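What follows is one structure encoded as structure tokens, with my remarks underneath.
Please read all numbers here as calculations on a predicted model, not as lab measurements.
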Amino acid sequence: MKNSTTPKWAKQKNKAARHAARIRMARQWLPSYTGTRLVRAYREKFKVDVPTALNDLEEIGALTPEQALNLTHNYNIYFR
């Protein structure tokens, strides 16, 4: 039997549980992040889309609401 590459937090039974687990892990991961592309790194680490990454980063306090709104606008321009 092959080893599963799916993280434990992604196997939660419902969306609320997955979200809570992802936020808990993100709070631990954020202080160790040293790069400049926070949203991209978050998306790659937690396998989420841009709006989810922005909402999560705003929720944990890594982005202010103004920064999240500005980034949302920028991503909408580039990805439409």
Side-chain angles (χ1 to χ4, degrees):
M1 190 165 135
K2 292 183 180 180
N3 290 338
S4 176
T5 59
T6 305
K8 284 185 179 181
W9 62 266
K11 294 180 182 179
Q12 300 294 326
K13 294 187 186 278
N14 59 36
K15 188 186 287 189
R18 285 192 304 271
H19 174 74
R22 189 174 62 241
I23 293 298
R24 188 174 54 250
M25 289 183 61
R27 284 193 175 119
Q28 295 173 353
W29 167 78
L30 187 61
S32 66
Y33 180 69
T34 59
T36 57
R37 296 180 172 188
L38 180 62
V39 177
R40 175 186 262 180
Y42 187 89
R43 287 179 54 221
E44 290 175 359
K45 175 144 181 83
F46 294 103
K47 309 289 190 268
V48 294
D49 60 353
V50 172
T52 302
L54 291 172
N55 288 338
D56 288 357
L57 289 169
E58 183 180 353
E59 184 176 337
I60 63 174
L63 296 176
T64 63
E66 293 80 22
Q67 289 173 322
L69 184 63
N70 188 22
L71 288 171
T72 302
H73 178 69
N74 290 343
Y75 278 109
N76 285 339
I77 289 171
Y78 293 124
F79 293 113
R80 275 197 177 186

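Hydrophobic clustering (side-chain heavy atoms under 4.5 Å, transitive across Ile, Leu, Val, Met, Phe, Trp, Tyr) groups Y33 together with L63.
In this structure, K47 NZ and R22 CZ are separated by 12.5 Å, a value rounded to the nearest 0.5 Å. Taken from CG in N55 to CD1 in I23, the straight-line distance is 9.0 Å, to the nearest 0.5 Å. Taking CD from E58 and CG from L69, the interatomic distance works out to 8.5 Å, rounded to the nearest 0.5 Å. Atom CG of L71 is separated from atom CG of L54 by 5.5 Å, given to the nearest 0.5 angstrom. If you take OG1 on T52 and NE2 on H19, they are separated by 9.5 Å, rounding to the nearest 0.5 Å.
Under the rule for a side-chain contact (heavy atoms from CB on, under 4.5 Å), the partners of A26 that lie at least two apart in sequence or sit in another chain are Y42, F46, I60.
Around the CZ atom of R40, the shell of radius 6.0 Å holds no more than 12 heavy atoms that belong to other residues, nucleotides or ligands.
Checked options D49, L38, V50, D56; the residue passing with R43 is V50 (criterion: side-chain contact (heavy atoms from CB on, under 4.5 Å)).
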